[in-house]
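Have a look at the structure below before the remarks.
The model shown is predicted, which means the values in this text are computed figures rather than measured ones.
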Amino acid sequence: MSSSSRETCKIETNGGITLDARIYKPAAGESEHPAGKLVVVLVHPYSVLGGFQGLMKGIARRLADRGFTSVTFDMRGVGKSTGRASLTGFAEVDDVVSVCNWASENLSARRIVLVGSSAGAPIAGSAVDKIEAVVGYVSLGYPFGLTASILFGRHHKAILQSPKPKLFVMGTRDGFTSVKQLENKLKTAAGRNQTHLIEGVSHFQMEGPDYDEQMANLIVEFISSL
């Protein structure tokens with residue numbers, strides 16, 4: 001039984017967009033995690049293909065149960081968030097920056113770990129170095145493959161050049177990115193880069209609720225290494 005709580009709030013971006021967000025908070029007395037005031041911000045999969053914050057709630061709730069305040073939000077044009085989704089995810093980078101800045105001001109987040117799922121990974125990756133409080137980045141199924149690169153290729157450079165610690169989680173049967181493509185991309189990446197491959201799992205399987213527990217475990221493990 002989850003002892004964490006969930007609150008709903010609205011977050012304004014610099015560009016005047018209003019984002020619908022959920023804050024998952026640890027039970028009273030468990031919020032002062034040894035990691036200090038660290039908040040996890042989760043970025044959902046591709047809006048254009050139906051991605052929304054509900055896909056991240058299982059991971060967010062499990063993180064809150066372990067003492068980490070976690071934030072999910074609908075990017076522009078999704079659910080109750082205003083504005084319009086973009087095809088390449090560049091407009092959405094501002095959404096991520098705005099949510100992280102809001103967390104710093106309203107949740108006393110001294111340190112933030114950014115987690116992006118699927119297309120949320122390149123979008124979050126482009127925001128990492130724009131936010132001082134971000135101390136680490138976790139990608140769940142980054143679409144590095146050739147076809148996905150038509151849409152998201154211009155995001156690659158930002159995260160690969162970031163000196164901040166990174167963890168790339170991927171299924172070995174991803175479909176959008178092969179293990180070889182992931183390895184080749186990370187060969188030139190700056191800073192500390194870890195990979196965690198899940199044997200025999202596809203891209204959309206890993207996004208499903210069956211893997212929420214494992215994703216939360218990997219994120220907690222990564223946080224403890226920071």
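- Side-chain contact check for E207 and S118: at least one donor-acceptor pair (N or O, by modelled atom type) lies under 3.5 Å.
- Not one N or O on the side chain of S117 forms a donor-acceptor pair closer than 3.5 Å with the backbone of G120.
- Across every non-hydrogen atom of A119 and P122, the tightest pair is O-CD, 3.2 Å.
- Follow the hydrophobic side-chain contacts under 4.5 Å out from L63 and you never reach Y24; the two are in separate clusters.
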Between S47 and E92, does the side chain to side chain donor-acceptor pair (under 3.5 Å) criterion hold? Intermediate values first, please.
CA-CA 10 Å; S47 305; E92 284 80 352; 4.6 Å; no

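- Linking ILVMFWY side-chain heavy atoms closer than 4.5 Å, directly or via other members, places L55 and I123 in two distinct hydrophobic clusters.
- T18 has its side chain out of reach of S81: every pair of non-hydrogen atoms, C-beta onward, lies at least 4.5 Å apart.
- Here T188 contributes atom OG1 and Q161 contributes atom CD; the two are 8.5 Å apart, rounded to the nearest 0.5 Å.
- Between P45 and L140 there is no side-chain heavy-atom pair separated by less than 4.5 Å.
- No more than 12 heavy atoms of other residues, nucleotides or ligands sit less than 6.0 Å from atom CZ of R84.
- Checked by atom type and distance alone, the side chain of Y142 never pairs as donor or acceptor with a backbone atom of M170 at under 3.5 Å.
- Side-chain contact between P26 and T69 is present, with at least one heavy-atom pair separated by less than 4.5 Å.
- Remark: the backbone N or O of D94 is paired with a side-chain donor or acceptor of S98 at under 3.5 angstrom.
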Full working for side chain to side chain contact (heavy atoms under 4.5 Å, CB included) between R173 and E199
CA-CA 8 Å; R173 299 178 63 184; E199 199 54 52; over 6 Å; no

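- In this structure, F73 has its ring center no closer than 6.0 Å to that of F52.
- Panel note: side chain S224, backbone E221; a donor-acceptor pair is recorded below 3.5 Å.
- How far CG of L114 is from OG of S126: 11.0 Å, rounded to the nearest 0.5 Å.
- When all heavy atoms of S4 and D65 are compared, the pair lying nearest together is OG-OD1, 3.0 Å.
- Inter-residue side-chain proximity for R6 and K25 is flagged as unmet; no heavy-atom pair is nearer than 4.5 Å.
- A donor-acceptor contact shorter than 3.5 Å links the side chain of Y137 to the backbone of A121.
- Here the shortest heavy-atom pairing between S104 and A133 reads OG-CB, 3.8 Å.
- The number of heavy-atom neighbours closer than 6.0 Å to NZ of K164, taken from other residues, nucleotides and ligands shown, is above 12.
- Between the side chain of R61 and the backbone N or O of K57, no donor-acceptor pair lies under 3.5 Å.
- Checked by atom type and distance alone, the side chain of N193 pairs as donor or acceptor with a backbone atom of G191 at under 3.5 Å.
- Follow the hydrophobic side-chain contacts under 4.5 Å out from V169 and you reach V115 in the same cluster.
- Every residue meeting the salt bridge (charged side-chain N to carboxylate O under 4.0 Å, His left out) condition with K10, not counting sequence neighbours, appears here in chain and number order: D20.
- Separating the CZ atom in F168 from the CG atom in L182 is a distance of 7.0 Å, to the nearest 0.5 Å.
- No side-chain heavy atom of T172 sits less than 4.5 Å from a side-chain heavy atom of V201.
- Judged by distance alone, the side chain of T13 and the main-chain N or O of I17 form a donor-acceptor pair under 3.5 Å.
- In this structure, D174 CG and H203 NE2 are separated by 5.5 Å, a value rounded to the nearest 0.5 Å.
- Taking the six-membered ring for Trp and thresholds of 30 and 60 degrees, H156 and F144 have ring planes more than 60 degrees apart, a perpendicular arrangement.
- Both I112 and M75 belong to a single network of hydrophobic side chains, linked directly or stepwise wherever heavy atoms of I, L, V, M, F, W or Y lie under 4.5 Å apart.
- Note: T72 OG1 to I23 CD1 = 7.5 Å, rounded to the nearest 0.5 Å.
- T177 contributes a side-chain N or O that, together with a main-chain N or O of G145, makes up a donor-acceptor pair within less than 3.5 Å.
- The 12-atom threshold is exceeded at CD of E12, counting heavy atoms of other residues, nucleotides or ligands nearer than 6.0 Å.
- The shortest non-hydrogen separation linking A127 to V96 is CB-CG1, 3.7 Å.
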Does the salt bridge (Lys or Arg N to Asp or Glu O under 4.0 Å) test come out yes or no for R110 and E105, once each step is laid out?
CA-CA 9 Å; R110 288 200 295 275; E105 288 160 26; over 6 Å; no

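- Hydrophobic clustering (side-chain heavy atoms under 4.5 Å, transitive across Ile, Leu, Val, Met, Phe, Trp, Tyr) keeps I131 apart from V135.
- Using a 4.5 Å heavy-atom threshold, the side chains of I198 and Y211 count as touching.
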Verify side chain to side chain contact (heavy atoms under 4.5 Å, CB included) between Q181 and L146, making sure each step is shown before the conclusion.
CA-CA 9 Å; Q181 282 167 328; L146 296 177; 3.9 Å; yes

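- For H155 and F90, the ring centers are positioned less than 6.0 Å apart.
- D212 and G58 make their closest contact through OD2-CA, 3.3 Å (heavy atoms, listed as atom of the first residue, atom of the second, distance).
- Here the two rings, on F152 and Y46, have centers that are under 6.0 Å apart.
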For side chain to side chain contact (heavy atoms under 4.5 Å, CB included), just list the numbers for I219 and R66, CA-CA rounded to whole Å, side-chain angles, deciding distance to a tenth of an Å, and then say yes or no.
CA-CA 11 Å; I219 294 164; R66 293 175 203 194; over 6 Å; no

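- A donor-acceptor pair is defined here as one N or O able to donate and one able to accept, closer than 3.5 Å; such a pair exists between the side chain of R76 and the backbone of A91.
- Side-chain contact check for V40 versus V71: every heavy-atom pair is 4.5 Å or farther apart.
- S225 is listed as a side-chain neighbour of Q194, based on a closest heavy-atom distance under 4.5 Å.
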Apply side chain to side chain contact (heavy atoms under 4.5 Å, CB included) to R111 and K37, showing your working.
CA-CA 6 Å; R111 305 195 301 158; K37 195 64 183 173; over 6 Å; no

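- For the pair D74 and G79, the tightest heavy-atom approach, listed with the atom from each and the gap, is OD2-CA, 4.0 Å.
- Annotation: the span from L107 atom CG to E7 atom CD amounts to 8.5 Å, rounded to 0.5 Å.
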